[in-house]
Colleague: 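Got a structure for you, written out below as structure tokens; questions coming shortly.
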Protein chains: 2
Amino acid sequence: MDMKLKQQASAITELTFDLLRCCEAKEKMFAKDHGLKVAEFRCLRIVEAGKTYSVQELATSMHLSPSRLTRIIDGLFAEKLVDRVQSIEDRRFAKISLTNKGQTMVGKLKEEYADLHGEMLKDISSEDRDKIYDGISLMQGLVSGWLLRNV
Amino acid sequence: MDMKLKQQASAITELTFDLLRCCEAKEKMFAKDHGLKVAEFRCLRIVEAGKTYSVQELATSMHLSPSRLTRIIDGLFAEKLVDRVQSIEDRRFAKISLTNKGQTMVGKLKEEYADLHGEMLKDISSEDRDKIYDGISLMQGLVSGWLLRNV
DNA sequence: ACTTATTCTTTGCTAAAGGCAAAAATACTG
DNA sequence: CAGTATTTTTGCCTTTAGCAAAGAATAAGT
């Protein structure tokens, strides 16, 4: 019965690998079409309107180093998509938030990125879409759990 | 009812995005632990022992440019993991194949990468593993189909 | 046969992505 | 106040990646 696990693991490894390559290509196209660098798109996609974030928060949730985030934010700041102010409570912290322009951009981005996926998903049944959701949700939980345990 | 598609698309978009970040981190860790660059690991993972590949074949299946592949192969060649010979039938083509050392390496890599996933998957039920497989398989098909249509 | 186009790979150059270590700025603690 | 810890930034370097031109070989046209 352990044999079965091994076989399933192997198949999932392969598939996930392929999915990854495709999704990276997809992200790259999408970012380019919207005049953004991939890293900028990825960053914008996780900041919510009205909230503020520290550099570290963004870094950990993007699985990147703080120094890398500083540079990404530099770019977004230069394009006036985010604000960066020093926190008053603890002036070591930066408070990153979306500007109005940034909010509009992010809204459009999320909308259109979801539309792109809607376009892909429109020809399959609602049940299959649920299957995709369930499968990816399970996998995502496993991988992020594993990452937490393995630093 | 179109509402439902939109909602499903949105949820799947979010999840896929998160999964991607995690899997990239996972790949990066794994490659580093094996003394490989990420690009090298990704390349090795798709070449099968005994087969030969042109630069272009590898490039398209990795969703990268031929010139990028030349450099990746340079690295693998320098480490004596792959051979690169000119094809005799058509001397424009390169024939890339695994060396013995490369075959051993790839065998180990595949084995251990599947083990890593086995480790993640071992605590869930076999049915859930099948759900993961089915979900990711569906999604992979959709995304790669979409990529083909959208160049 | 000889010129012209096509195809595959490589090379030179550049940009983007990303990390590490040290520095700068601030906060906390004895 | 001196020393330590934390957060971000800066300098520097590596890795990843593509584009455009060059090289090398084949195919096609006349």
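All chains are named by letter (A, B, ...) in the order of the sequence lines, taking the proteins before the strands, and each is independently numbered beginning at 1.
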Colleague: Taking atom types as they are modelled, is there a donor-acceptor pair under 3.5 Å from the base of C/dC20 to the side chain of A/Ser65?
Modeller: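 Answer is no: no donor-acceptor pair is held.
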Colleague: Side chain of A/Arg68 only, please: which of C/dG19, C/dT9, D/dA25 is the nearest?
Modeller: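 Comparing C/dG19, C/dT9, D/dA25 against the side chain of A/Arg68, the answer is C/dG19.
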Colleague: Please evaluate the base of C/dT7 for a donor-acceptor partner in the side chain of B/Arg92 within a cut-off of under 3.5 Å?
Modeller: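 When only heavy-atom distances are counted, B/Arg92 does reach the base of C/dT7 through a donor-acceptor pair under 3.5 Å.
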Colleague: In terms of side-chain heavy atoms of A/Lys32, which of D/dC19, C/dT26, C/dC8 is nearest?
Modeller: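 Ranking D/dC19, C/dT26, C/dC8 by closest atom to the A/Lys32 side chain puts D/dC19 first.
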Colleague: Select one nucleotide: of D/dT16, C/dG19, D/dT8, the one nearest the side-chain heavy atoms of A/Ser67.
Modeller: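 In terms of side-chain proximity for A/Ser67, the closest of D/dT16, C/dG19, D/dT8 is C/dG19.
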Colleague: Need to verify one output field. Residue with the more 5' nearest nucleotide on DNA chain D, A/Lys28 or A/Ile73?
Modeller: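 Nearest-nucleotide comparison on DNA chain D picks A/Ile73.
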Colleague: Any donor-acceptor pair under 3.5 Å between the side chain of B/Arg91 and the base of D/dG23?
Modeller: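 Not at all, since no donor on one side and acceptor on the other fall under 3.5 Å apart.
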Colleague: Which of these nucleotides, C/dT10, D/dT8, C/dA17, is closest to any side-chain atom of A/Val55?
Modeller: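 Taking heavy atoms from C-beta onward, the closest nucleotide is D/dT8.
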Colleague: On DNA chain C, does the nearest nucleotide to A/Arg71 precede the nearest nucleotide to B/Thr70 from the 5' side, or the other way round? Give the residue.
Modeller: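 The residue whose closest nucleotide sits nearer the 5' end is B/Thr70.
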Colleague: Between A/Lys95 and A/Glu57, is there a side-chain N and carboxylate O pair less than 4.0 Å apart?
Modeller: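 So A/Lys95 does not pair with A/Glu57 through a salt bridge.
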Colleague: How do B/Gln56 and A/Leu64 order along DNA chain C: which one's closest nucleotide is nearer the 5' end?
Modeller: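 Result of the comparison: B/Gln56.
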Colleague: Among C/dT26, C/dA17, C/dT9, which nucleotide has an atom closest to any side-chain atom of A/Val38?
Modeller: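 Nearest nucleotide to the side chain: C/dA17.
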Colleague: Is there a donor and acceptor pair closer than 3.5 Å between the side chain of A/Arg42 and the base of C/dG18?
Modeller: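 Donor-acceptor pair under 3.5 Å: no.
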Colleague: Go through the steps to decide whether B/His63 and A/Lys26 satisfy the test side chain to side chain donor-acceptor pair (under 3.5 Å), and finish with yes or no.
Modeller: CA-CA 10 Å; B/His63 300 276; A/Lys26 184 192 67 185; over 6 Å; no
